[in-house]
Amino acid sequence: MSGSDCGSIFAWDRYTGKNVMLVTADQHVVNCVRPHPTLPILASSGIDYDIKVWMPLAQESHFSEEVASKLMKRNAVMLEETRDIITVPASFMIRMLACMHTLRNRQDGAGDGGIADGGGAGGANADAGAANEHNADTESDASEG
């Protein structure tokens, strides 16, 4: 028995390896599946905070081997397409981006005389001096012509 990234629970016959059960258990991912030790009861959980408890109600099985086979093929394609992708929680990404922003601000402020805040030797004063030199060159060109 196993959970899946497609939100399903799959169960196989232990002797034949044949898929015998498919349950749509979650809208996203099923991370954990645990059977009751003696009763036909199953507990599952996904990425949310809910634990779902499953037990058979129907007398007959509604399992479709064709549907299960299509779903497993689709899962294999999704696995191949996302093989190089790492999924991380949003809170981790926000923390990482905040750290990168802090480091970038430190580097901009410390290494080049304060360009980030417009001050220091390489900041706005140097830009103003370059503009004044450009204006002086333009004025001398105009007086010559």
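Side chains included, hydrogens not; waters and symmetry mates left out as well; all remaining heavy atoms used.
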Do Val88 and Met96 come within less than 4.5 Å of each other through their side chains, counting heavy atoms only? no

Pairs where residues 6-27 contributes a residue and the test ring pair (Phe, Tyr, Trp, His ring centres under 6.0 Å) is met, not counting sequence neighbours: Phe10-Trp12

Taking side-chain contact (heavy atoms from CB on, under 4.5 Å) as the test, write out the residues that go with Gln27, two or more places apart. none

By side-chain contact (heavy atoms from CB on, under 4.5 Å), which residues pair with Pro89, not counting sequence neighbours? Ser91, Phe92

Separation between CG (Leu22) and CG (Leu71), nearest 0.5 Å, reads 6.0 Å

Listing request: all salt bridge (charged side-chain N to carboxylate O under 4.0 Å, His left out) pairs with a residue in residues 7-20, at least two apart in sequence or in separate chains. Lys18-Glu65

Check: Asn105 side chain, Gln107 main-chain N or O, donor-acceptor pair, under 3.5 Å: no

How long is the span from the CG atom in Leu103 to the CG atom in Asp108, to the nearest 0.5 Å? 11.0 Å

For Ser4, side-chain hydrogen bond (donor to acceptor under 3.5 Å, both in side chains) partners two or more places apart: Asn75

Please report, to 0.1 Å, the donor-acceptor pairs under 3.5 Å made by any side chain of residues 47-57, with sequence neighbours excluded.
from: Asp48; atom 1: OD1; to: Asp50; atom 2: N; distance (Å): 3.4
from: Lys52; atom 1: NZ; to: Ala25; atom 2: O; distance (Å): 3.3
from: Lys52; atom 1: NZ; to: Asp26; atom 2: OD2; distance (Å): 3.0
from: Trp54; atom 1: NE1; to: Ser44; atom 2: OG; distance (Å): 2.9

Go through the steps for Met72 and Asn19 under the test side-chain contact (heavy atoms from CB on, under 4.5 Å), then give the verdict. CA-CA 10 Å; Met72 287 189 288; Asn19 191 314; 3.7 Å; yes

Applying side-chain contact (heavy atoms from CB on, under 4.5 Å) to Thr38 and not counting sequence neighbours gives His36

Among residues at least two apart in sequence or on other chains, which ones pass side-chain contact (heavy atoms from CB on, under 4.5 Å) with Arg34? Cys32

